[in-house]
Number of protein chains: 2
Amino acid sequence: MTNGRPDLAAMLARLARQLIAIEQPILAEHDVSMWGYAVLTALRDEPMRTQAALARSIGADKTRIIGILDELQRRTLIEREPDPADRRVRLLRLTPAGRDLHSAVQAEIRSAEETMLGQLDDEERHFFLQALENLHRT
Amino acid sequence: MTNGRPDLAAMLARLARQLIAIEQPILAEHDVSMWGYAVLTALRDEPMRTQAALARSIGADKTRIIGILDELQRRTLIEREPDPADRRVRLLRLTPAGRDLHSAVQAEIRSAEETMLGQLDDEERHFFLQALENLHRT
DNA sequence: TATTGTTATACTCTATAACTATA
DNA sequence: TATAGTTATAGAGTATAACAATA
């Protein structure tokens, strides 16, 4: 007889779905999609030299982020200019407005996460987050 | 400045995707889909009286599991008979073959999970799983 | 009239391949 | 010829609404 717990993937997928549902209203209020927010997050950590690299870093396809970049650029949340040294590639970075929007959204998301994390006691919470970060880095 | 960790949803979603990718070959080898396996798992824990309840319990839509139930029934992995007391509803339960298949697949999945859980030390692993189970029950 | 299961339809997401412009 | 970005197309997955059978 296998251990009584549910499968790992089932638990993780369900929690992820739940959390995404919680965050949806926040993103909608700021008129940004999940992938748009992922792009802002990736660019906040470091500017990128190619769209393909950006796509890879958020686990998406290079063809899929184009519409997202179009929209973010139209709203002047990101800059996207051809590299003078190689005019095929686009240099990507956040504008001040993009940075502000990201900060505002992330703050609300962090607060919303508490509805989930708040159910854990201190010890569980600490090791849960530590384990998640360790696994995520791998 | 917010805490340096990535957003919770980003970490959970990525780990879930990773784990699902790891399990895909196992499911394929046994010729069962992710949702098919989810159905077998749900029915192993307890037989169900309606398809809608089953769908809800695995986070799916009642219209979406029909094809899956058709297939599982065709392979005689589940039984699906009208309730004599209310012929609108279908009583659902695993056949012995369904139970065997589920056990075999789950054993392999548990083993595959170790490639991820094995990266944690004992303390992290213990509280990580405990926290996941607590959150999952909620 | 309400409910269970089913079917049909449309919509969203995603993956693949073809195209352009540079190199 | 190879690469970055773009566009077009098709496929899978999903949600919604309409339908038939039963209560």
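Fair warning: this is a prediction, and the values are worked out from it, not measured in the lab.
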Atom pair distance, as rounded to whole Å: CD in Glu81(A) and P in dA4(D): 18 Å
From CD1 of Ile20(B) across to P of dT14(C) the rounded distance in Å is 13 Å
Using a 4.5 Å cut-off on heavy atoms from C-beta on, say whether the side chain of Ile68(B) contacts that of Leu72(B). yes
Would you say a side-chain N or O of Arg64(A) is under 4.0 Å from OP1 or OP2 of dA15(C)? yes
I need the CG-P distance between Leu91(A) and dA4(D), as an integer number of Å. 13 Å
What is the distance from CG of Leu54(B) to C1' of dG5(C), rounded to the nearest Å? 13 Å
Can you check the Ile68(B) CD1 to dG5(C) P distance for me, whole Å? 15 Å
Specify the separation, in whole Å, of atom CG of Asp61(B) and atom C1' of dT6(C). 12 Å
Are side-chain N/O atoms of Gln73(B) and Arg80(B) paired as donor and acceptor at under 3.5 Å? yes
Taking only nitrogen or oxygen atoms into account, show me every contact under 3.5 Å that the protein makes with nucleotides 19-23 of chain C, one pair per line with its distance.
{"from": "dA23(C)", "atom 1": "OP1", "to": "Arg87(A)", "atom 2": "N", "distance (Å)": "3.2"}

Distances under 3.5 Å between nitrogen or oxygen atoms of protein and nucleotides 6-8 of chain D:
{"from": "dT6(D)", "atom 1": "OP1", "to": "Arg80(A)", "atom 2": "NH2", "distance (Å)": "3.2"}
{"from": "dT6(D)", "atom 1": "OP2", "to": "Gln51(A)", "atom 2": "OE1", "distance (Å)": "3.3"}
{"from": "dT6(D)", "atom 1": "OP2", "to": "Gln51(A)", "atom 2": "NE2", "distance (Å)": "2.6"}
{"from": "dT6(D)", "atom 1": "OP2", "to": "Arg80(A)", "atom 2": "NH2", "distance (Å)": "3.2"}

Hey, would you say the His102(B) and Tyr37(B) ring centroids sit under 6.0 Å apart? yes
For DNA chain D, which residues of residues 28-38 of chain A approach it to below 4.0 angstrom with any heavy atom? none
Output the rounded distance in Å from CZ (Arg17(B)) to C1' (dA15(C)). 15 Å
